[in-house]
Amino acid sequence: MTSRSSLPVRASAPFGGFAAAAHAAVTQLNRQLPGMSLWLVTCVREDRQIVVASAGEWAERAPAGRDFSWQASLCVRMVRGAPPVAPDLTCEPAYLPAVVGPLAHVRAYVGVPLLAGDEELFGTLCALAGSPQPASWHEAMPVVSVMGRMLSTVLAGEQAAHDRSVEAAHAYSLADRDALSGMKNRRGFEQAVWTEEGRNRRFGTRSSIVVVTLHPAARAAGAVQDDDVRRCAAVLTSVCEPGDVAGRVEGTEFVLLVAQTGLTGVRALQTRLRAALRTAGLSGSVGVATRQPYEDLAGTWERAERAVHIDERRRNLRTSTSRSQDRRSS
């Protein structure tokens, strides 16, 4: 009888997440079905198609994390009913309008949708070629389809595990809430950061952190009032999009976790947030930072806190300069 310790487990061990499974899938398809220049697994977020894994001679053009327009893609046409195999794109009217710009050099396409649930589109498994392919590529579709279903199964498993985690976390929700503001407390926000960091690593997405330090009002004799805390919480919650997380982690320190948003988007949010605070009659310093490939979100949070301190020093300097000018003018 073979002992458990002698079994060849390494070759059949589970993948360490969807991104690892996706990389293995495109690598295997690139070896098994030669002819295509690029194999991709992508996820779709709003109007962007984000690369999760790539393989083939064009792989350097589409590394993990790079994003493209979803509406301008070949994949969006496949999902909407165009043939999943197009050995010669010039012979497929449904695809021909897309073969422009970055796709002008593409001459063949294969693709299947990836589903995170029965009806929920996650992204695609697809391949592109720089030259027309033989009509026999239709015979390869069963292999591509099965690989796509396997990846969808991994996604469904991760989604089910995520849902169970959410249900379990709900039981601890009261312990993760700040009683005064109703927002996440430090414990709850740190857990949200940890969860989002895992999503960034699996899918190659980027997230940002916004830190707000609330200043006491002139009428408050140097102390931030409870009503100011509640109004600041309302302002921060109002600028949140689905998937974002807001927290009060210290007495006057608030934090936003802005999901799937790069530096340009979070800078725009910073401007809107400052205007919303002024409209609410509140004063505060705001710092932002976007997760970089060399760091985790905890490091991004630290950079956002440093940005707040810089913003506070600039504010104090402006105040001091203004007072000096007032004294000179009087």
Side-chain angles (χ1 to χ4, degrees), residues 17-19 22-23 40-54 59-73 75-76 101-103 114 116 121-124 162 184 189-213 235-247 249 253-277 284-311:
F18 177 74
H23 177 73
L40 294 172
V41 170
T42 71
C43 65
V44 178
R45 294 290 182 272
E46 297 179 353
D47 187 37
R48 307 308 296 173
Q49 187 175 20
I50 305 167
V51 177
V52 177
S54 61
E60 291 184 357
R61 304 183 188 181
R66 183 166 182 181
D67 65 309
F68 305 90
S69 169
W70 170 241
Q71 295 301 326
S73 70
C75 290
V76 72
L103 297 176
L114 300 179
L121 178 69
F122 169 83
T124 65
H162 173 73
K184 293 278 189 183
F189 191 81
E190 287 178 345
Q191 177 63 35
V193 167
W194 182 84
T195 301
E196 182 67 14
E197 172 63 20
R199 187 177 295 112
N200 286 174
R201 289 180 181 274
R202 285 198 304 273
F203 301 135
T205 53
R206 299 176 71 187
S207 299
S208 297
I209 298 286
V210 179
V211 175
V212 177
T213 299
V235 169
L236 267 64
T237 302
S238 71
V239 301
C240 285
E241 299 288 344
D244 296 347
V245 180
V249 295
E253 183 176 334
F254 299 79
V255 192
L256 286 180
L257 171 58
V258 191
Q260 299 173 18
T261 301
L263 186 59
T264 301
V266 79
R267 292 262 186 226
L269 175 61
Q270 182 182 32
T271 300
R272 295 198 308 272
L273 183 54
R274 282 173 169 158
L277 288 170
S285 299
V286 184
V288 302
T290 295
R291 182 184 183 275
Q292 299 299 316
Y294 56 79
E295 68 181 0
D296 57 19
L297 276 172
T300 307
W301 188 353
E302 291 177 358
R303 288 197 297 112
E305 287 181 329
R306 291 198 294 270
V308 160
H309 297 325
I310 293 172
D311 193 40

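Start at 1 with the first residue, then count along the sequence.
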message: Please determine whether the number of non-hydrogen atoms from other residues, nucleotides or ligands lying under 6.0 Å from atom CD of Glu60 exceeds 12.
response: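 No.
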
Close side-chain approach of [X] to [Y], heavy-atom, < 4.5 Å:
X      : Y      : answer
Arg45  : Cys43  : yes
Glu295 : Arg303 : yes
Phe68  : Val51  : yes
Leu269 : Val210 : yes
Phe254 : Val235 : no
Val255 : Val212 : no
Leu263 : Ser208 : no

- request: Would you confirm whether Arg66, through its side chain, and Arg61, through its main-chain N or O, come within 3.5 Å as a donor-acceptor pair?
  value: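 A pair under 3.5 Å: yes.
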
Do [X] and [Y] have side-chain N/O donor and acceptor atoms under 3.5 Å apart?
X      : Y      : result
Thr213 : Glu253 : no
Gln292 : Thr300 : no
Thr42  : Gln49  : yes

Any ion pair linking [Y] and [X] (charged N to carboxylate O, less than 4.0 Å)?
X      : Y      : answer
Lys184 : Glu190 : no
Glu197 : Arg201 : yes
Asp311 : Arg274 : yes

Looking at [X] and [Y], what are the two nearest heavy atoms and their distance?
X      : Y     : value
Ala22  : Ala53 : C-CB, 3.7 Å
Ala62  : Ser54 : O-OG, 3.0 Å
Thr124 : Cys75 : OG1-SG, 3.3 Å

field: Inter-residue atom distance Leu114.CG - Phe122.CZ, 0.5 Å rounding
entry: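 These two atoms lie 7.0 Å from each other.
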
- prompt: Roughly how far apart are Arg199 CZ and Trp194 CH2, rounded to 0.5 Å?
  reply: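 Answer rounded to 0.5 Å: 11.0 Å.
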
- prompt: Stepwise, does the side chain to side chain contact (heavy atoms under 4.5 Å, CB included) test hold for Thr261 with Arg206?
  reply: CA-CA 6 Å; Thr261 301; Arg206 299 176 71 187; over 6 Å; no

query: Is the centre of the Phe189 ring less than 6.0 Å from the centre of the Trp301 ring?
result: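 Ring-ring flag for Phe189/Trp301: true, centres closer than 6.0 Å.
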
field: Audit row: Leu256, Cys240, side chain to side chain contact (heavy atoms under 4.5 Å, CB included) steps and yes/no
entry: CA-CA 8 Å; Leu256 286 180; Cys240 285; 3.5 Å; yes

- prompt: With Val258, which of Thr290, Asp244, Val245 fulfils side-chain contact (heavy atoms from CB on, under 4.5 Å)?
  reply: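 Exactly one candidate clears the test, Asp244.
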
Passing candidate, side-chain contact (heavy atoms from CB on, under 4.5 Å) with Val286, options Val211, Val308, Leu277: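 Result: among Val211, Val308, Leu277, Leu277 is the only option passing the side-chain contact (heavy atoms from CB on, under 4.5 Å) with Val286.
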
query: Passes side chain to side chain contact (heavy atoms under 4.5 Å, CB included), Ile209 versus Leu257? Steps please.
result: CA-CA 5 Å; Ile209 298 286; Leu257 171 58; 3.7 Å; yes

message: By the definition side chain to side chain donor-acceptor pair (under 3.5 Å), identify the one residue from Asp296, Thr205, Thr195 that meets it with Asn200.
response: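 Filter result, single survivor: Thr205.
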
